[in-house]
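The structure appears right after this line, and notes come after that.
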Amino acid sequence: MAAWPWLLAGLLALPLLALFLRGFPALPGTAKDLDVVLTSLLLATAGSLITLALALGLAVLGVLGGVGRTLEALLLLGYLVPPFVTGIGVLFSLQAFGVRIYGVPGILLAWALHYAPLAYLLLKPQVRVAMGLLAAARVHGVGGAKALRVFLPPLLPPLLVAGGTLYLALLGNFGVPAVLGLPERVYVLPTLAYARLLSPTAQDPLGEAAALGLWLGLLALPVVLLGRAGLLEAKESLLPPARPAYRLLFALYALLALLLVLLGLLREALLNPYTGAWDPVFAQALDLPLVQKGLRNSLLLALGATLLLLLLALALRPFPGLLRRVRGVLDLHYLLPGTLLGVGLILLLAPTPLYATPWLLLLAYLLNFAALALRALEGGLGVEGAVLAGRVHGLGRLRAWLRIGYPLLLPSAFAGAFLIFPLAFAEITLSALLYAPGAETIGVAVLSALNGGLYREASALGLVLMAFSALALLGRPRW
């Protein structure tokens, strides 16, 4: 067996190795930060359970109400919005009613609103199976508590999958705790690692940040090692007729969740805070030099990362074995908290000319989002049969892929592009750690405006990011 695929995998894992080598010796020195470790663990666990319960209820409403793609798109838009924009929107919306939502309650609320659509998508196919089994059981006279024995077992594997996915996402989330936690001095590991890395008083900023990143890895490792449990195949099930009342409840939640984010941003961006008069601030926000740099840099980085990743995925698609090995390593960079990758790249590349340049951010984006591009092509249409038919009729391997295989994969590449681009454009965790003066991204510009008291400008930019995020709906596959 050739050794070079394993060498490639080892090369891709170098940032994590650098983090471990630098962070492990400094780990005992972070004993004073165990309260933050515990806070991160408890917040991620509590947020996962709350979001999971909310998503399960939405999945039941969606299945029983016969919810279609339009309402699901309305719900999904709340997930496509960058998490820190969700935090800003919730903050300003509730402030309009005199509710102060900083700290733990605000973090949990913003997380639940943002990540419930993701868990809904993971749970809905299995809820359909479970509801079909429940309907069949009722036909045969099984009801009451006995019906739970029919309903619950099919849901346990997807609940574990969704719960693990949520836990990893919340554990590594930087934006929401930065917006809602830092004003109340509520730290989690990503925000504390960022603070230590930039602290002028820290004795060993890199070592401390690496040790905190290692704690993040240790908290995430059990979920990563457990992997994904097997799911039942989601087939068409015997379901009761769709009930409009359930569909209405689903629509009300999707609309209220979106409005809770949107109204605060619109109020700040469009109305004068002193007179209440119409006074849009978009022009002033876009005129800020940092914002102009951020928009330009984010646009170029997102376009470059999307194009390069899709070309890589297309190049690897004819070699499924190699694609799986490479994707297996790159999955770690996507699943594990982004702080690990960011600090690992700093440790690995700080002595090189690449450090403190936009190229370092591009490399980080490529590593972080590569798994999405590879999965989009790997899970797309099976074209091997068509390619083989072309070869049988005299086409060479390359020509068969160029004339038959790749054209059939274009819809999958299209969907991948409209998923990766908005995520890369609004990325904040890696950007906050790796940007250099002159290479700021739009996410960094929004947080800088917020920290500088430019709340109206930050809200206007949040709305701009929401508009870009809606692009991902164009490439949404049918589920």
Side-chain angles (χ1 to χ4, degrees), residues 45-80 108 111-170 223 226-258 375 379 419 472-473 476-479:
T45 303
S48 300
L49 293 175
I50 293 170
T51 308
L52 205 58
L54 177 59
L56 182 58
L58 287 171
V60 171
L61 290 177
V63 170
L64 293 180
V67 169
R69 287 173 56 83
T70 301
L71 287 180
E72 287 184 333
L74 181 66
L75 178 71
L76 185 60
L77 186 58
Y79 175 64
L80 297 176
L108 292 176
W111 276 350
L113 290 174
H114 181 79
Y115 289 103
L118 171 64
Y120 166 82
L121 293 181
L122 293 173
L123 291 174
K124 181 192 171 185
Q126 303 306 121
V127 168
R128 180 180 291 276
V129 172
M131 295 301 295
L133 293 174
L134 185 60
R138 286 174 175 168
V139 169
H140 290 83
V142 178
K146 291 183 179 180
L148 294 178
R149 298 179 184 177
V150 176
F151 181 71
L152 291 180
L155 287 179
L156 291 180
L159 284 172
L160 291 175
V161 170
T165 303
L166 289 172
Y167 174 79
L168 291 174
L170 302 185
V223 174
L226 285 175
R228 291 194 167 192
L231 301 182
L232 291 177
E233 184 180 356
K235 299 179 179 178
E236 290 298 322
S237 305
L238 176 63
L239 294 174
R243 301 180 185 179
Y246 290 133
R247 187 161 56 246
L248 178 61
L249 288 175
F250 184 98
L252 284 176
Y253 171 82
L255 185 61
L256 288 175
L258 187 60
R375 284 189 176 276
L419 174 62
L473 291 175
R476 181 170 61 104
R478 295 183 179 273
W479 53 68

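Atom set for the values below is all heavy atoms of this structure, side chains included, hydrogens, waters and symmetry mates excluded.
Here the CG atom belonging to Leu49 is positioned 7.0 Å from the OG1 atom belonging to Thr45, to the nearest 0.5 angstrom. Distance CG/Leu56 to CG/Leu122: 12.5 Å, rounded to 0.5 Å. Note that the CG atom of Leu76 and the CG atom of Leu258 stand 11.0 Å from one another [nearest 0.5 Å]. Atom CG in Leu166 sits 11.5 Å away from atom CD1 in Ile50 (nearest 0.5 Å). In this structure, the separation between CG on Leu123 and CG on Leu52 is 6.0 Å, given to the nearest 0.5 Å. The CG atom of Leu75 sits 7.5 Å away from the CG atom of Leu121 when rounded to the nearest 0.5 Å.
Partners of Tyr167 by side chain to side chain donor-acceptor pair (under 3.5 Å), not counting sequence neighbours: none found. Listed by chain and number, the residues in a side chain to side chain contact (heavy atoms under 4.5 Å, CB included) with Leu168 are Ala220, Val223, Val224, Leu335 (sequence neighbours excluded). Under the side chain to side chain contact (heavy atoms under 4.5 Å, CB included) criterion, Leu61 pairs with Tyr246, Leu249, Phe250, not counting sequence neighbours.
Minimum heavy-atom separation, Tyr253 to Ala116: OH-CB, 4.1 Å. Counting all heavy atoms, side chain and backbone alike, Lys124 lies closest to Val67 at NZ-O, 4.4 Å. Shown here for Val127 and Ala59, the closest heavy-atom pair between the two residues is CG2-CB, 3.7 Å. Between Tyr120 and Gly62, the shortest heavy-atom contact is OH-CA, 4.2 Å. Scanning all heavy atoms of the two residues, the minimum distance from Gly47 to Leu170 falls at C-CD1, 3.4 Å. The two residues Ala242 and Arg247 make their nearest non-hydrogen contact at CB-NH1, 4.0 Å.
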